[in-house]
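Basis for what follows: all heavy atoms, side chains included, without hydrogens, waters or symmetry-related copies. Naming: A, B, ... by sequence-line order, numbering from 1 per chain.
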2 protein chains.
Amino acid sequence: MVHVKELSIETRLRDCGLRPTRQRIALADLLFAKGDRHLTVEELHEEAVDAGVPVSLATVYNTLHQFTEAGLVRVLAVEGSRTYFDTNISDHHHFFVEGDNEVLDIPVSSIEIGNLPEPPEGMEIAHVDVIIRLRAKKNR
Amino acid sequence: MVHVKELSIETRLRDCGLRPTRQRIALADLLFAKGDRHLTVEELHEEAVDAGVPVSLATVYNTLHQFTEAGLVRVLAVEGSRTYFDTNISDHHHFFVEGDNEVLDIPVSSIEIGNLPEPPEGMEIAHVDVIIRLRAKKNR
DNA sequence: CTTAGTGCAAAACATTTGCAAATGT
DNA sequence: ACATTTGCAAATGTTTTGCACTAAG
């Protein structure tokens, strides 16, 4: 049924030098089928298990790191304890809802950053992350 | 000798509802004496021990969290594993040197952010973090 | 004295790793 | 068949917690 999609994901994995194993295909499906997502390892693992793909937690960790190296996903540093992975690798920024620990995309076009400072000698800019931290507005 | 400074730190702590204990004073001294700093718990602990204040790691954790709640320091989310604490609580941004895991301040004045998107319904902006990730420039 | 703070060791998490068994090519 | 990948369980690294002991007011 979802065979067309799986084929293309298999190709993508192969292009990255990753063997398209059952687990990797299933994880990639979950990651990319539903559009842009922000997930912890734990969340993805649970989704996979719920979807009937009993992959181990260690494999989810390993797979997400492989995907990161392959440039399929990106690591998000928003909160100390858990690592978030972002399936949207295009240039964009994030809302982070404190308390809920929820991450939302901000289209890059909607933010203008000017006057970026010169990086120190011998350094170049790898990436600019903007995180807008949100809290519930207290209604009084 | 450094008594004037210690007195004022004692007052600051007291104002935050924190008893100025030996350990807290020593840690606050290390944090604030040398200007703006970006430290992990481990680093601060080592500094304290080196300075002849044999505080325990757990106390450094507890103290930094208390300082954070009191608004004396700020948590920096730059890198997944370790938590950085920033002694500069004014509005500013950061360079993060990947590989070195080093954090550098960027004066806020030098970056202009325009077109900030509207926060979702019922939310307000708590803080805007800009992290410019740097990598060593490859000289070719 | 009384209460809050500290240190230690153990617990709790998140993440990584080693190795035998399973899978992909 | 052969190399890679997986799963498990154990190891690691970081942070938190429980509780007896110590220090501050």
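In this entry the distance linking CG of Leu57(B) with C1' of dA10(C) reads 14 Å, nearest Å. Whole-Å rounding puts the Leu18(A) CG to dT5(D) P distance at 7 Å. Rounded to whole Å, the distance from CG on Leu13(A) to P on dT6(D) is 10 Å.
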Open item on the list: I'd like to compare against my own output: the B/S/- annotation of nucleotides 18-25 of chain C with a strict under-4.0 Å heavy-atom distance to protein.
Closed with: ------BS
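A sub-4.0 Å separation between OP1 or OP2 of dC8(C) and a side-chain N or O of Ser56(B) is absent. The shortest distance between the side-chain N/O atoms of His65(B) and the OP1/OP2 oxygens of dT16(D) is below 4.0 Å. Distances shown here put every side-chain N or O of Tyr61(A) at or beyond 4.0 Å from the OP1 or OP2 atom of dT16(C). Taking side-chain N and O atoms only, Ser81(A) has no distance below 4.0 Å to OP1 or OP2 of dT14(D).
Partners of Thr21(A) according to the side chain to side chain contact (heavy atoms under 4.5 Å, CB included) rule, which considers only residues two or more places apart in sequence or in another chain, are Arg19(A), Gln23(A), Arg24(A). Checked against side chain to side chain contact (heavy atoms under 4.5 Å, CB included), Phe96(B) has the following partners two or more places apart in sequence or in another chain: Val78(B), Glu79(B), Glu98(B), Asn101(B), Val103(B), Ile131(B), Arg133(B).
The aromatic rings of His92(A) and His38(A) lie tilted to each other, with the angle between the two planes from 30° to 60°. Between Tyr61(B) and His65(B), the ring planes are tilted. Angles from 30° to 60° get that label.
Leu72(B) and Leu39(B) fall within a single hydrophobic cluster, where Ile, Leu, Val, Met, Phe, Trp and Tyr are joined by side-chain heavy atoms under 4.5 Å apart, directly or via other members. Both Val73(A) and Leu18(A) belong to a common hydrophobic cluster when Ile, Leu, Val, Met, Phe, Trp and Tyr are linked at side-chain heavy-atom distances under 4.5 angstrom. Phe95(A) and Val128(A) end up in the same hydrophobic cluster when Ile, Leu, Val, Met, Phe, Trp and Tyr side chains are linked at under 4.5 Å.
Residue contacts for Thr40(A): at a heavy-atom cut-off of 4.0 Å it reaches no nucleic acid atom on any strand shown.
Considering only side-chain atoms of Arg24(A), the nucleotide from dA14(C), dT15(D), dT5(D) that sits closest is dT5(D).
Annotation: side chain of Ile132(B) is in contact with side chain of Leu134(B) (closest heavy-atom distance under 4.5 Å). The shortest side-chain heavy-atom distance between Leu104(B) and Met123(A) does not fall under the 4.5 Å cut-off.
Within residues 41-54 of chain A, the residues having any heavy atom closer than 4.0 Å to DNA chain D are, in order of number, Pro54(A). Near DNA chain C, meaning a heavy atom under 4.0 Å away, there are no residues from residues 68-75 of chain B.
When all heavy atoms of Leu13(B) and Pro20(B) are compared, the pair lying nearest together is CD1-CA, 3.9 Å.
Axis angle across the helix from dC1(C)-dG25(D) to dT25(C)-dA1(D), with five pairs used at each end and values rounded to 10°: 30°.
Annotation: Glu124(A), atom CD; neighbour count of heavy atoms from other residues, nucleotides and ligands within 6.0 Å is above 12.
Checked by atom type, the side-chain pair Asp105(A)/His94(A) shows a donor-acceptor distance below 3.5 Å.
A salt bridge links Glu47(B) with Arg37(B): the distance from a Lys NZ or Arg NE/NH1/NH2 to an Asp or Glu carboxylate oxygen falls below 4.0 Å.
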